Number of protein chains: 2
Amino acid sequence: MLNNSHYIDKLRSSGLRPTKQRIKICEILFDNEKTFHFTINDLVKKISKTTNDKISLATVYNTVHAFKKKGYLKEIPINSDQSYFDTNTSHHHHFYDENQKDLIDIDDADVEPVKINTRIPGKKIKSVEVLVKVEDAE
Amino acid sequence: MLNNSHYIDKLRSSGLRPTKQRIKICEILFDNEKTFHFTINDLVKKISKTTNDKISLATVYNTVHAFKKKGYLKEIPINSDQSYFDTNTSHHHHFYDENQKDLIDIDDADVEPVKINTRIPGKKIKSVEVLVKVEDAE
DNA sequence: ATTCTACATTATAATAGTTCTAAACTATTG
DNA sequence: CAATAGTTTAGAACTATTATAATGTAGAAT
Ligand SMILES: [Mn+2]
Ligand SMILES: [Mn+2]
Ligand SMILES: [Zn+2]
Ligand SMILES: [Zn+2]
């Protein structure tokens, strides 16, 4: 509610009108020390915890998709019933904890460059992402 | 219909009764030179093309899940509305063609061992999978 | 071979995440 | 301020998947 001008500028310069719903979602997603992963359902819960003004589910979906399109969020391909989103938009990798069903970032610097000795003719590489599935060591 | 004994044995030794539905699905999935990727919907279409006996959708789901549980299929984590399955159960990686929305195998031998210089205490690595997103080079 | 039983199939309903609709609302422009 | 294009909203619709519960069947027991 206080230092919103940053988000207002960011939204406006992206061609998105700075509505109070979008600003609120910006605050929840981007006013954090650390980046994090979330589902739409997680976000809906956070919204209802931090404000009395309800934001409709359709708006939450619309906003997340708009932010993804603008490159402020990434969608993470984890085999699951729900989509996972990531506020870390830098190129990085993931651990997936199969017990906790939790995503954990792996910094790009912590993965040695992945060498792939095969190509597809007529196609260029857009990204190379590593998913490390982990489980309890017991 | 001809050389089913192989599948009958395979199913029986897995503790799965060799029903005609399961044998049919084995034929469609495993009587191929090459492995392939498919959705439930793809499989349903193949079934209706190759037989007059209908197999209910619930049975297709049940069978695919049973086969996955037994390790005869892998589920591939691609961000999509539907689950993708893979008849290639060896450890391997994938290209994902974002234009064709198509998965292409990368043999494990074609990827240099991926070195990850970070760990999660109390967790052990279950798998390391590389997803290479590609697009038209133009 | 007949009977028995646990397992499997089926049609259908239910569920859940997501998208669509169309009416009401609002930020921005003129 | 008035006009307009973009946005929000409640709720319906959609779609992949799972659950239900009745019927069918493979394999075992008799
Ligand atoms: Mn699923
Ligand atoms: Mn999706
Ligand atoms: Zn991440
Ligand atoms: Zn594959």
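Numbers restart at 1 for each chain; the letters A, B, ... are given by sequence-line order, proteins then strands. All heavy atoms count here, side chains included; hydrogens, waters and symmetry mates do not. Note that the coordinates shown come from a computational prediction; the quantities given were computed from them, not determined experimentally.
- Atom CG in B:N41 sits roughly 11 Å away from atom C1' in D:dT15 (whole-Å rounding).
- Taking the side chain as every heavy atom from C-beta outward, A:D97 and B:I120 never approach each other to under 4.5 Å.
- Per the geometry, CG belonging to A:L11 stands 13 Å off P belonging to C:dA27, to the nearest Å.
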Grab the N/O contacts between the protein and nucleotides 8-12 of chain C below 3.5 Å, and write none if there aren't any.
unit_1	atom_1	unit_2	atom_2	d
C:dA8	OP1	B:R17	N	3.4
C:dA8	OP1	B:R22	NH1	2.8
C:dA8	OP1	B:R22	NH2	3.4
C:dT9	OP1	B:T19	OG1	2.5
C:dT9	O3'	B:Q21	NE2	2.7
C:dT10	OP1	B:Q21	NE2	3.2
C:dT10	OP1	B:K54	O	3.4
C:dT10	OP2	B:S56	N	3.0
C:dT10	OP2	B:S56	OG	3.4
C:dT10	OP2	B:T59	OG1	2.9

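- Within the 4.0 Å cut-off from OP1 or OP2 of C:dT28, at least one side-chain nitrogen or oxygen of A:R12 is found.
- Under the salt bridge (charged side-chain N to carboxylate O under 4.0 Å, His left out) criterion, B:E98 pairs with A:K126, not counting sequence neighbours.
- B:S14 places a side-chain N or O within 3.5 Å of a backbone atom of B:K10 that can act as its donor or acceptor partner.
- Distance CD1 (B:I23) to C1' (D:dT25): 13 Å, rounded to an integer number of Å.
- To the nearest angstrom, P of D:dT25 lies 12 Å from CG of B:D53.
- Of the side-chain N and O atoms in B:H65, none sit less than 4.0 angstrom from OP1 or OP2 of D:dT17.
- Nucleotide D:dA16 holds its P atom 11 Å from the CG atom of B:D42, rounded to whole Å.
- Between B:F85 and B:I8, the residue anchored nearer the 5' end of DNA chain D, judged by the nucleotide with its closest heavy atom, is B:F85.
- The side chain of A:Y61 places no N or O atom within less than 4.0 Å of a non-bridging phosphate oxygen (OP1 or OP2) of C:dT19.
- Atoms OG1 and CG, on B:T35 and B:L73 in that order, are 11.0 Å from each other to the nearest 0.5 Å.
- At distances below 3.5 Å, at least one donor-acceptor pair connects side-chain atoms of B:H91 with backbone N or O atoms of B:V128.
- Remark: C1' of D:dA16 and CG of B:L43 are 15 Å apart, rounded to the nearest angstrom.
- Put simply, the side chain of A:F85 reaches to within 4.5 Å of the side chain of A:I40, judged on heavy atoms.
- B:H92 and B:D108 are not linked by any side-chain donor-acceptor pair at a separation below 3.5 angstrom, with hydrogens and angles left out of the test.
- Rounded to whole Å, the distance from NZ on A:K70 to C1' on D:dT7 is 14 Å.
- For the pair A:I25 CD1 and D:dT7 P, the interatomic distance rounds to 13 Å; values are reported in whole Å.
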